[in-house]
Structure formats: structure tokens, C-alpha cells
Protein chains: 2
Amino acid sequence: MKRILTSECSSKVGEVVQISGWLFNLRTLGKIAFLLLRDRGGIIQVVLEDPELIKQIKSVQNGSILEVTGKVKSAPNTQLKVEIENPQIKIENPVLEPFTIDLTKSDINAELDVVLDYRPITLRHPKSRAIFKIQAGIVQYYREFLTQKGFTEFFGPNIISASSEGGAELFTVNYFDNKAMLSQSAQLYKQMMVGVHERVFALMKCFRAEKSATRRHLTEATQFELEMGFITDHNDIMDILEETIKFITEKISLNYKAELELLGITLPSAEKQFPRVTFKEALQIYFERTGVDERAEIDLSPNAEKELCLYAKEQFGVDYIFVEKFLRVKTAFYAKPNEVDPLVTNYFDLLCRECEIVSGGQRINSYTELVDSLKLKGLNPNDFEDYLSIFKYGMPSHGGFGMGLERLTMMMLGLSNIREATLFPSDLKRIAAKSINQIK
Amino acid sequence: MKRILTSECSSKVGEVVQISGWLFNLRTLGKIAFLLLRDRGGIIQVVLEDPELIKQIKSVQNGSILEVTGKVKSAPNTQLKVEIENPQIKIENPVLEPFTIDLTKSDINAELDVVLDYRPITLRHPKSRAIFKIQAGIVQYYREFLTQKGFTEFFGPNIISASSEGGAELFTVNYFDNKAMLSQSAQLYKQMMVGVHERVFALMKCFRAEKSATRRHLTEATQFELEMGFITDHNDIMDILEETIKFITEKISLNYKAELELLGITLPSAEKQFPRVTFKEALQIYFERTGVDERAEIDLSPNAEKELCLYAKEQFGVDYIFVEKFLRVKTAFYAKPNEVDPLVTNYFDLLCRECEIVSGGQRINSYTELVDSLKLKGLNPNDFEDYLSIFKYGMPSHGGFGMGLERLTMMMLGLSNIREATLFPSDLKRIAAKSINQIK
């Protein structure tokens, strides 16, 4: 008999089927036992009445691999609306000792640190599975939308020979007899790719050796990278980003209903137009709403970001807000100064719910302007020879953005820590989820 | 006026349009000049008759960014079947000195080493652009097919704390005060993910510090990773792989006609069923066809691989062949020994045209069997604690494969060097295309 999925059983009422999966849980009620079996289609209830069979299943722990053959019966009150009766059960791979944490509870009853210590197993919890199913969906729809819009995916390097942005904290790699570095972003490479395909995107790892132990920082993250040529200014980039977020939100709402319900969450509201305010206006709004005067500051504080998100929600009924035209002193060397006010650049952040999830903008595309900008930032143009060559041999006006996948997942699903949105997180204390203290 | 793409001009005959792109080439013929303008839609011909305008365009080099406004005219003999006449031209960003290599020739007239030295610009050559357009397509169809088949994409770690396969050459990373490593494959993580989503895939970077300076080796490569649970044996993995290759081949043939034509190639034939021979049979076939006796060898030689591909083509009319049941001494610790003959494993390679492009098979899913296998290979089970935990708490029969994207692109497009299928290749001599000698 061929295995079918639990999710396929509802169309087989009255038939004998074979299903396989993990023993999720077993409850006994008098002489009857209810076995929950999990596969990638869902969780189905199997009703056991044979005392010998109940005894046998009780001898193994949750997580055991079972093959169940039985008759499908209608059961409107269960998750899948059907259950299996009169089963024959084969224990394919038994679990002999119980796992430390109870994965059958609706929430894991353990600190995040403990959850991460046992990451390969705690990922099996239904809520955790739902998070990473949705994450895969976010990525799928991101690519789908951009492919429709004429973007080409590219695969840039992670090991690089020089800083991609100059300055910030980089991990070094022992590359045979040389020192190399791990890329912090695909910035310079995606700009190079504009000369090739005009519109490009990538999903790239980025590595940051920042000593930040916050709930929003990882040392290894996954980043959506986008760059497009022949733009008028950064508004074109904000447009494509806004459309992308709207597309993802719509598709996830539609196709991940069960996961969203299980997690008990509503996605950030993205239907209405995202407001766009300048950095200067943003600080004014923050001041007017809270009395806190940061109008002389050169960057947005976390509290200002939070307040701007509230403002967007209250005034415009949307959970996203763009802040544009940041001070040139605070933006990267490749940021295009604004034509009207050269003290600010055509750069923006997109905030969602409480913090920044995207940075982007228009880049400088003139060779001489870029060389001047490098020098202004105290960088040596000789270190950027390959990158600079693209501007010597023809570059259109262009811009793009970078958006952290884990940060986006965290904000969209309202998670309290970015590690919950990362399969095997690395940070100051952990490498691929494993605690550094435990590494010999 | 709003910019349209060159590829959209054919539906605008008689209308005045605005297009923007790179000056690909300018040829003069008496008093007329033919300007070729490239954008992401293609290359269009613009006919110049105004002597002043011709003089002006002659003053800038190929690669300059131009905005052209003019009338679309039917021109059946050109690539896009239309051309632009009576143009007004704005030089948006001029190129002042000519690029070292002529990119207008049908093939770049330079050694691969020189091509790589100028990678950001040589990638703009039409053939190079076609290769990487197709590569993006390969990845797109790979994901599309597996998503249809119920696979979930996952994002595994690149920085890891221990060897993922034990033994082989790893790059070390200076991770704050610790040593970490760059992952060689997603092997252990994708197996962990079977416990979570049952069927998973990924496109991951893998890093190998091998001192192999061949035309098929990179130190940083992009790898398709796949793993699925509840299989009967490795034949299920060969089935899904074969279906995937067939799907990609069909879609690329259909949707990348222009690129394939430009490259002048035919994809490897994948319509017929891929033959499956055992390792033992493979050596026998090699012996019978060539007289070379390697029947006592423990692995396939490059010549044997080449001959087996010829055999598949001649006997079965297909460019792919599976070789299965390799010797246990030659396969990894997690490879499942065959039930009938425990000296061989349920492992396979897929060969294409001349060499191996995929390795895969069934994995051991019993905890005790795996611990024994680790010891047999001289590895310490304590180093694999996280990985081993998944087998303690319930793992179904499972298997998967790894397939190098660059190697696949190379073989599908019949390229002679894997670096031609890699945007910014790293190897013993280069880091992200840049020659190590040139790095200060």
C-alpha cells in the first residue's frame, strides 16, 4: 500500500489508507487511546481500542516513527475533520527516552536559551514549524514578484578580499596563505550586476562581527538584496519595495492561514499607502507627539522609530512608514546626495511595527563624484578599484535596498526575539545555535 | 515621456518612444551611423543621419549611458525586428576612455585569466549575460518544481562550530575569541530539517579549502541541497532528482531560446529515462568498451566517468547516467549500507556529459547504527552530539542529494571551465574573481 499524507485523508472517508509520521502524542481515556500522528500534511487522530496495541504504543515515546494502516472516518471536531479507526501500527523507529521538553504543549515551556540548546528537536514544535514555513513563503513570494518585474537573480561571493562597505566589523577567514573576509553585504556586487542585467536581486548571507547582544542582532543573517538601474530617484526604489511588501503580505495571508492561526497573529497592515516622511519631519513628528526633542540628533533613536510606527498606524492605518533624506554624514559613501539639499542623501529606511527593517536609496553613479565621496569618508579609492571600474565604463542612475530576512520574519510575525526567526542563530554566545561554552 | 524597453518597441511601430541603455556599438557607413543600444530587453538599432549628432556620439565610448527618443520603424532583418529613426539623444553618463577588451565581438578575444581580471565589465558581454540569465532560470525552476512537490526551503548556517562531514578541508574563521569554520555542505542541517518539515531543500554556499586547481573546482560554490523523509530507498531520491533535471531542462529550452541560440548550444538530452547502473557494472562497462581494466578500483576515474556518459548517449539516447551502490569505504559515515550487500551503500552519483554533477543517497536513520558508523570511520560521536540527537528523538528513513549550481551550469551549457559559470569565482589564485597577486 502506498503512503498518503494525513492532509489527503479527508477525501478518503470509508477507505483504508496508510500514513506515516511522528507519534506526536498519546492520550488514554479509559479503555480507548487517542494517538496523534504528525506528518508534513498536519496532525491526525488515530483511535486505538485494542489493549495489546495500546500497551505496545505506550512502550515508546513521542517522536517515534510509526506507520499506520486504518480506515478513515469522519470526525468534524478534529483538525483534519477525519480520524483513523481500527489501525494496524508498525513502529518503524522507536524513541526510547523522552525528550527533555514537552513539545505537545501549545507553547514551549522553556527559556529561549534552553530552546536553542536543543534546537534540532525544539524546531519540531508546531509553532516553530509554522514560523519557518511562513519564512519559506516570504522568500518565495519575494522572488516571484521580482521575477515578474524583470529582475534577474544573481549569486555573489561571500568570501571577499576587501571590505564591501569600508570600516565596519568584518570576520576574517584564513584563506590558504592569505587573509580574506566574509562579506557584510552584497552592496558593491549588486551595483556591478546593474551593469550586466540592469535589475537584479539576491538572497545572500551577510556576516557582521558586531559585539551587539540584542534581541535584534545576529552575526550571520540572510539578506534580500535588490538593485535596479535607470531610476529617476529613490522614490522608484521605495515604490518597488512597497509593492513587494504588499505582494508578500497578501500571498502569506492567503496561503498560510493555518500557520497564522496556529501562531495566533495578524500580519502588519500593508494595504494602504505607506507614508513617506523626511528625516527632519520624522524628528518633528516625534517631538510633537511625545515632547521629546531629538531634532538636533543625526539619527533616529529606537524610541523615535517606535513612535513613528504608531503615528503611521494612527494617521494612515498602516504598519509601515518610510523615512527618507537622511543626513549625508550618517549614510554610506555611495549614497547619492540630494540635488536640492546636498547635506542630505536620497536614502531611506522602512520601519515596520517598531523598528527599521530595510535601508536603501539612490547611489552615486558618476565616477568622479564617487572618488570624491570615498575620500570625504576617509576611504582610499585604490581599495575599490574593481568597483570603481564599473563607473568608468558606463553606469546608469540606480539604487536599491537590503532587507534582513530574519528581521522581516520577526516583525511580520510579531516575535520578540530575532533568534525565534532563525533556524540556527549565531551571535556572541552561539555558533549555529550551539552555545560557545559547550564547544570543546 | 516614460522609458520603455527595447523589447517593447516591436509593438510600437510608427510611434515615438523613449528608450535608455548602454551604447553597445556605433558603426558609420558613409553619412549614416548605426548605433546599437543595449538594455535588459535586448539590443536595438538606432539610425543616425544628423552629422552633428553622429559627431557627438562618436566623441564618447561604448558603454556610455544614453537616452534615445525616436520613431519606431519596422526592420525585419534586425534582432528586434524594429529600429529607431530620427532620434534625439541625451548622453546621460559618458564613457571617456575605451575599455581594454572589445565586448562587441561575438566572443571575447582574451584568455579566461584576463576576462576574470576585468570581471565587473566582461560580465556585460552578451554571451556572459546569457549564461547568468540561464543560471537564474535553472535556480528558479529547481525551486518551482520542488515547491510543487511539497518541499520547504530552509536557510542553514554557513559559520559552524564543527566539521559537517568530518575530516575534509575547512576554512577557519576568527570568530571573536573563538575559532569557527565555514560549512562545507548543509548535510547535517538538512537531515535535522527532515525532522521538522519532512521534505526540504536549500540553495547554500559551501566552502572547500581544497588545493585543487582544476577547471572544475572552486573554493566557494553554490549548492542545491535536498533531503526527504519516508523513502523506501535511494531510488526515491534518484526519481525526484531525475524529475527535477527533466523539469529544468524543459523549462530552460522553452523560456531561454534567445540565450541558447546566442550561445550556440543544445542542452544535454534529458527526455528519455536516465539509465541506472551499479558501481560494479559501471567498471565492467568501462572495461568492455575500452579494454581498460579498473574493476579492482574503489572509485570511478575521470576517464571511466567520461566513457559511461558516452555509453548512456549511445545506448539510451540520454546525456545523464546514474551510478549507484558505491563501496562503503568510499562513502561518508552517514551513508546507508545496502541490505543485501553491506559492503556497498545505497549511494549514487549522477553523471552528465563527462563528469559527476550530483552525489546523493539514503542515510542511516538508526542512532546506534550511526554511532557505530562514526566510530568505523575514525570519528568521535561526541563531536556530533546535536546531529545525533535527531536520531534519538525520532527520524524516518530518509535521503537526499547535493548538486553544485556552477558545475550544473557548466555541464548544461557545455562550458569548458567552471569559472565561466561563476560570477566572481574564488580559487587558489583568486578571491571573488580578484587575483590574489593584485591584493595588497
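Order of the sequence lines sets the chain letters (A, B, ...), proteins ahead of strands, with each chain counted from 1.
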Side-chain heavy-atom pair B:Phe176, A:Leu428 within 4.5 angstrom cut-off
yes

Heavy-atom check, side chain of A:Phe230 versus side chain of B:Ile65, under 4.5 Å:
yes

Between chain B and each of A:Ser64, A:Gly21, A:Gly229, count heavy-atom pairs under 4.5 Å; write down the option with the most.
A:Gly21

Going by heavy atoms in the side chains, are B:Arg143 and A:Gln140 under 4.5 Å from each other?
no

Part of A:Val60 within contact of chain B (heavy atom distance under 4.5 Å)
neither

Is it the side chain or the backbone of A:Asp177 that comes within 4.5 Å of chain B heavy atoms, both, or neither?
neither

Taking the side chain as every heavy atom from C-beta outward, state whether B:Met192 and A:Arg119 have any atom pair closer than 4.5 Å.
no

Side chain, backbone, both or neither: which part of B:Leu23 has a non-hydrogen atom closer than 4.5 Å to chain A?
neither

Just so I know, are the side chains of A:Arg3 and B:Thr232 near enough to count as touching, which here means a heavy-atom distance under 4.5 Å?
no

Taking every heavy-atom pair that is under 4.5 Å apart, which of A:Ala136, A:Pro396, A:Ser397, A:Pro425 has the most such pairs with chain B?
A:Pro396

Side chain from CB out, backbone as N, CA, C, O: work out which of these in A:Pro98 comes under 4.5 Å of a heavy atom of chain B, or both, or neither.
backbone

Criterion side-chain contact (heavy atoms from CB on, under 4.5 Å) on A:Met193 and B:Leu423, from CA distance to verdict:
CA-CA 9 Å; A:Met193 291 311 293; B:Leu423 286 172; 3.7 Å; yes

Okay, A:Asn178 and chain B: the region with an atom under 4.5 Å from a heavy atom over there is side chain

Donor-acceptor under 3.5 Å (B:Asn93 side chain, A:Met395 main chain)
yes

Tell me, do B:Thr152 and A:Arg129 make a side-chain contact under 4.5 Å, heavy atoms counted?
no

Pick from A:Leu96, A:Thr147, A:Leu405, A:Leu123: which one has the most heavy-atom pairs with chain B under 4.5 Å?
A:Leu123

Most chain B-contacting option - heavy-atom pairs closer than 4.5 Å, from A:Thr422, A:Val173, A:Thr222:
A:Val173

Under 4.5 Å, counting heavy-atom pairs only, tell me which of A:Glu97, A:Glu153, A:Arg430, A:Arg124 racks up the most with chain B.
A:Arg124

Pairwise side-chain contact, A:Glu220 with B:Tyr175, heavy-atom cut-off 4.5 Å (strictly under)
no

If you tally heavy-atom pairs under 4.5 Å between each of A:Ile159, A:Leu66, A:Leu5 and chain B, the highest tally belongs to A:Ile159

If you measure from CG on A:Leu182 to CG on B:Asn158, what distance do you get to the nearest 0.5 Å?
8.5 Å

Side chain, backbone, both or neither: which part of A:Phe207 has a heavy atom under 4.5 Å from chain B?
side chain

Are side-chain heavy atoms of A:Ile121 and B:Ile390 found at a separation under 4.5 Å?
yes

Can you establish whether the number of heavy atoms outside B:Lys429 located under 6.0 Å from its atom NZ is more than 12?
no

So, the part of A:Lys205 with a heavy atom under 4.5 Å from chain B: the answer is side chain

Would you find more than 12 non-hydrogen atoms of other residues, nucleotides or ligands less than 6.0 Å from B:Tyr141 atom OH?
yes

